[in-house]
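Data first, discussion second: the structure below is written as structure tokens.
Computed over heavy atoms, backbone and side chain alike; hydrogens, waters and symmetry mates excluded. Worth saying up front: this structure is predicted, and the values here are computed from it rather than measured. For ligands, and for the atoms within them, numbers begin at 1 and follow the listed sequence.
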Amino acid sequence: MKLIGSNTSPYVRKARLVLLEKNLPHDYVVDPPSDPNSEVYRVNPLGRIPALILDDGECIFDSVVITEYADTLNDTPILIPRNDALARMRVRRWEALADGIMDSAIVVRNEVLRPQEMQLAATLELHNNAITHTLQHIAAQLGTRDWCEGDALTLADLALVSALAYLDLRQPGRDWRGAHPDLAAWFLRMSARPGIQLSLADNK
Ligand SMILES: N[C@@H](CCC(=O)N[C@@H](CS)C(=O)NCC(=O)O)C(=O)O
């Protein structure tokens, strides 16, 4: 299978980390929709990345659907609990928090790319505050634990790494490490994983 993405997209990073952590053979192709000739326009009517093209040509999008599908392909490890409905919900809820940070950070990014006089201060404040509050919530939930949910790696951890990496990329002035030292220590521990290391090397 082939994952179409870009190195800057946090949703792509999340999907890619799932493929890497599960050791699912795939080609990772940087082919962003900013290129009008991107293959993504042929395979995803939304023109968004990530898009995962299976060997028979079927295309899967968006990142939530990709991760859901990819997780069924093997059990090593199971990243989304299958039998425990509460644990499954909690992993998905972590993912919603991480995706929400990504969504807000992208709104902020798009806003600051506009000419200064056209930028909406209220939009910037709304979304920056949402990120700040969500980071506080996440840091309080995680505490000093190793994993977001349960006692092993799940999709929750990979989604959170992807959201934090995106903040590092797009909001380098946001000192989330200073505000949340335990979260910073967790991110450092997670960064030692080979798949995450590989993906973070491209975070520029
Ligand atoms: N909810 C989607 C969001 C995907 C998305 O918005 N991707 C962005 C990149 S971060 C995109 O493709 N934007 C179109 C563009 O860059 O032109 C998912 O989780 O896959």
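- If you check the side chains of R13 and N203, you find a donor sitting under 3.5 Å from an acceptor.
- When V40, L46, D103, D62 are checked for heavy-atom proximity to atom 18 (C) of ligand 1, D62 turns out nearest.
- Remark: R16 engages D202 in a salt bridge, criterion side-chain N to carboxylate O under 4.0 Å.
- In the candidate list R48, M102, E95, R48 is nearest to atom 6 (O) of ligand 1, counting heavy atoms.
- For atom 14 (C) of ligand 1, the closest non-hydrogen atom of the protein is P33 CG, 3.7 Å.
- Between D99 and K14, at least one side-chain nitrogen of the basic residue sits less than 4.0 Å from a carboxylate oxygen of the acidic one, meeting the salt-bridge criterion.
- The contact set between ligand 1 and P50, taken as ligand atoms under 4.0 Å from a residue heavy atom, comprises 20 (O).
- For atom 20 (O) of ligand 1, the nearest protein heavy atom (residue, atom name, distance) is S63 N, 2.8 Å.
- Of the candidates N44, V12, I49, I106, the one placing a heavy atom closest to atom 4 (C) of ligand 1 is I49.
- Using modelled atom types and a 3.5 Å distance limit, the side chains of Y41 and D35 yield no donor-acceptor pair.
- Judged by distance alone, the side chains of T132 and R174 do bring a donor and an acceptor atom under 3.5 Å apart.
- Residue, atom and distance of the protein heavy atom nearest to atom 10 (S) of ligand 1 are S9 OG, 3.2 Å.
- A salt bridge is absent between D62 and R48; no separation between the charged side-chain nitrogens and carboxylate oxygens falls under 4.0 Å.
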